[in-house]
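Reading through the structure tokens given below for one structure.
What's counted below: heavy atoms across the whole structure, side chains too, no hydrogens, waters or symmetry copies. Since we're looking at a predicted model, the values are computed, not measured.
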Amino acid sequence: MALFTGNWLDCGMVRIIGTHQQDNHTSYLIEVTVGSVTWVVQHRYSHFEGLHEQLVALHGISRPSLPPKGFRSRAFLERRQRELESYLQTVLRLLRSLPIILRVFLEFHRYEINSLVEYLAETLFETGDTILARDDVFTTNPLHLHAVTRRIGLEKPSYGDRRNAKMDVGHILDLLSRIRRVRILGCPGKVGTSNLSASDLPFDLSLMKSVTQAFFQHCPPSTLTNLYSTSLTLEILKVSHSISCISELFRSSILTTNCQPSVWDSLTHLDLSNNSLTSIHPIGSHCFNSLSHLDLQHNKLRNLDNLQNLSNLTTLNVSHNRIDDVSNLHSKLGNISSINLSNNLLVSLQGLSRLYSIVHLDLSSNLLPDVVEIAHLSRLPLLDGVWLMGNPLCEATPEYRLRVLEVFGSGRGVLLDGVAASGKEADKVAVLTALQTGRTAVRRPSQQGKRHSAAVVRVGAVGETVGAPAVVSATPPAAALPAP
């Protein structure tokens, strides 16, 4: 990030690299360089006029003069571009310490550490108390937090070069130490019009001593310095578009060993959706003792391994992944009550047949071929709602809803695709269930009769007189009687 040392001639350079036409107006593209950092600013000729008037009024700058107006031909614009560049370079040599008006014109408050921190401090001087009083979410970005991290490491007064109490970095540090909810929004690629890369802007999270909810977007783990320092207070953590492995975010030693009970013990909700996770890293026991909600949707997961140490997990969202196997899920998620498995690659539900704590189960938009698979869910005692729309079985099965509800039987009241059975559907399910019960009852005596006839034939075969009726005792042999 840019750091202006106080003398433009030592570290700065400016040039106009082109023009931009919009709505019949011409803007000049000004490339500003401070140290190794470069950014581009756009200004129209009228902005240069305003700058010149203020420089004359506040700093007595009468020369150089601005280039005159004229007919905007291509040749004229090219000449004016060179003349405006010469004007800026001359002014910057004369006012090498860069008064505030020049810093604003060149947008130092966007990319230079001191100017950005002063701008942020002045803003929070006006709004900080309101944000804290209303418990609002404080939204910022890695560039601002990186500038603050760098600024507090500089050996200079907290009020900066301009000795303005409103611009004291203390206003920022006070808010960061007391804020409870924060949203940090990075960006992919370069920052604004600069050559700064968002992944090269680490910031210190130990400044946030009271944070309970944190949302990071486009913030690579390498930028989250001292994330571990928030473990005692953080209750909700969301990280998106940032990681490809969970161990990148949490230190590997924490995940793979038996942690102390205090490690991340306040964390109840962890949202790692919209990342590039391909597997779930092994998690040590006691790492996340209080974690009840885990969101891993929109990743690239193929299975649900390594969840067995999340003993208090009740809600899991793994929709929009590539999961095709849920074998023995009950051994990994013993207390789970709600799972979203929609938009995956499941063809069988056998692995869910012993999830006895499950209440809500979203299986929509998978590859389930037949209603037969629903039988694996029919004996889950707490199941209250199941979602199946978008599976092949919905199109392949005539009267799809009726057939699925029949599997659960009358009286269960299971919501199917978020809709309760209508009175007509309930009546039909009751009739179908009764018919099935009747067929089962008829089938059983018939099978017993066949076994009885076979027994008579066998006894007759060993009788002493051919054709004599065989006598079959109604009392089982003594050996078969129960012990007294």
Side-chain angles (χ1 to χ4, degrees), residues 1-14 30 32-43 47 50-51 54-55 57-59 88 91-92 95-132 136 138-179 182 184-186 191-196 198 200-208 225:
M1 195 169 179
L3 178 62
F4 180 61
T5 59
N7 188 331
W8 177 258
L9 299 181
D10 291 339
C11 62
M13 183 175 70
V14 66
I30 308 167
V32 184
T33 300
V34 176
S36 61
V37 181
T38 298
W39 65 92
V40 176
V41 181
Q42 287 190 38
H43 282 298
H47 300 160
L51 171 68
Q54 293 185 64
L55 290 175
L58 298 176
H59 299 280
L88 272 180
V91 167
L92 290 168
L95 301 173
R96 62 188 65 180
S97 63
L98 295 196
I100 182 62
I101 184 175
L102 273 173
R103 298 190 192 191
V104 171
F105 185 82
L106 297 176
E107 297 187 356
F108 267 49
H109 62 286
R110 295 185 184 276
Y111 305 106
E112 194 274 325
I113 291 174
N114 293 300
S115 298
L116 193 157
V117 170
E118 289 174 354
Y119 168 78
L120 186 59
E122 189 171 21
T123 301
L124 293 180
F125 176 80
E126 303 292 341
T127 63
D129 288 342
T130 301
I131 293 173
L132 292 170
D136 287 343
F138 176 54
T139 300
T140 184
N141 59 62
L143 184 71
H144 286 183
L145 294 177
H146 175 77
V148 173
T149 301
R150 292 276 303 277
R151 172 62 181 80
I152 60 178
L154 299 177
E155 296 182 358
K156 59 189 306 182
S158 62
Y159 47 76
D161 298 326
R162 284 185 270 166
R163 301 180 181 276
N164 186 333
K166 291 183 179 181
M167 297 179 178
D168 195 316
V169 70
H171 302 313
I172 305 173
L173 300 180
D174 177 63
L175 180 132
L176 290 179
S177 68
R178 297 166 60 192
I179 197 70
V182 63
I184 302 173
L185 305 179
V191 179
T193 63
S194 75
N195 63 346
L196 291 169
D200 295 331
L201 299 173
F203 48 91
D204 188 358
L205 291 168
S206 66
L207 301 175
M208 302 179 187
T225 305

Check your understanding: So do His43 and Ile30 actually touch side chain to side chain, heavy atoms under 4.5 Å?
Key -> yes
Exercise for review: Please answer whether the main-chain N or O of Ile113 pairs with a side-chain N or O of Arg151 as donor and acceptor at a distance below 3.5 Å.
Suggested key: no
Exercise for review: Could you check if a side-chain atom of Thr193 sits within less than 4.5 angstrom of a side-chain atom of Val41, using non-hydrogen atoms only?
Suggested key: no
Exercise for review: Give me the one residue out of Thr140, Leu145, Asn141 that meets side chain to side chain contact (heavy atoms under 4.5 Å, CB included) with Leu143.
Suggested key: Asn141
Check your understanding: How are the rings of Trp8 and Phe4 set relative to one another: parallel (under 30°), tilted (30 to 60°) or perpendicular (over 60°)?
Key -> tilted
Point to revise | Gln42 CD to His47 NE2 distance, which is reported to the nearest 0.5 Å | key: 10.5 Å
Exercise for review: Could you walk me through whether Met208 and Ile184 pass side-chain contact (heavy atoms from CB on, under 4.5 Å), step by step?
Suggested key: CA-CA 12 Å; Met208 302 179 187; Ile184 302 173; 4.0 Å; yes
Review point. How long is the span from the CD atom in Gln54 to the NE2 atom in His59, to the nearest 0.5 Å?
Key: 9.0 Å
Check your understanding: Can you tell if the side chain of Phe105 reaches within under 4.5 Å of the side chain of Val91, non-hydrogen atoms only?
Key -> no
Practice item. Determine whether Val34 and Leu3 make a side-chain contact, defined as any pair of heavy atoms from C-beta on separated by less than 4.5 Å. Key: no
Review point. Distance from Phe108 atom CZ to Leu102 atom CG, nearest 0.5 Å?
Key: 9.0 Å
Check your understanding: Between the main-chain N or O of Ser115 and the side-chain N or O of Glu112, is there a donor-acceptor pair closer than 3.5 Å?
Key -> yes
**Study point:** Residue pairs, two or more places apart or on separate chains, that pass side chain to side chain donor-acceptor pair (under 3.5 Å) and touch residues 169-178
**Key:** Asp174-Arg178
Check your understanding: For the residue pair Leu116 and Ala147, what are the closest heavy atoms and their distance?
Key -> CD2-CB, 4.0 Å
Point to revise | For Pro142 against Gly186, the heavy-atom pair lying closest together | key: CD-CA, 3.5 Å
Review point. Roughly how far, to the nearest 0.5 Å, is the CE atom of Met1 from the NE2 atom of His146?
Key: 6.5 Å
Revision key, fill the gap. In terms of heavy-atom contacts, Leu201 and Phe203 come closest through O-CD2, 3.5 Å
Check your understanding: Is Asp168 reaching over with its side chain to a backbone N or O of Phe125, donor-acceptor style, under 3.5 angstrom?
Key -> no
Review point. Is the backbone N or O of Val191 less than 3.5 Å from a side-chain atom of Trp39, with the two atoms forming a donor-acceptor pair by type?
Key: no
Check your understanding: Between Asp204 (side chain) and Thr149 (backbone), is there a donor-acceptor pair under 3.5 Å?
Key -> no
Review point. Roughly how far, to the nearest 0.5 Å, is OG1 of Thr127 from CG of Leu175?
Key: 7.5 Å
Check your understanding: Hey, does Ile172 have a side-chain heavy atom less than 4.5 Å from the side chain of His144?
Key -> no
Practice item. Supply the atom-to-atom distance Glu122 CD to His109 NE2, rounded to the nearest 0.5 angstrom. Key: 11.5 Å
